[in-house]
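Note that these values count all heavy atoms, side chains included, but never hydrogens, waters or copies made by symmetry.
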Amino acid sequence: MGFRITEDTRRAESPHLSPQPFSQNYRSVSWAKRTFDVLIAALALIFLAPLFIVVAILIRLQDGGPAFFYHKRVGKYGQTF
């Protein structure tokens, strides 16, 4: 009793296979989920923006520095960003 390599297993192991197209059902669910995610994120940003502004002002008043910390970093090929 041993392992037998068939045409199906050779095809499955090949790195040059083109991906199978997604079904229509997957595309519609994916589109609906993306729409839902963007809508919820936009609504959360609208409702939380005043809180973010208040927190930024409180940080500025208490610390005296900027609310967002930033500095230059060295990236690929030595370029700063």
Residues in salt bridge (Lys or Arg N to Asp or Glu O under 4.0 Å) with Asp37, at least two apart?
Lys33

CG of Leu43 to CG of Leu48, rounded to nearest 0.5 Å, is 10.5 Å

Could you see if Phe47 belongs to whatever hydrophobic cluster contains Val55? Use Ile, Leu, Val, Met, Phe, Trp, Tyr and a side-chain cutoff under 4.5 Å.
no

Path from Leu51 to Leu45 over hydrophobic side-chain contacts below 4.5 Å
yes

Ile59 side, atom CD1; Phe68 side, atom CZ - distance, nearest 0.5 Å:
8.0 Å

Compare all side-chain heavy atoms of Phe81 with those of Arg73 and state whether any distance is below 4.5 angstrom.
yes

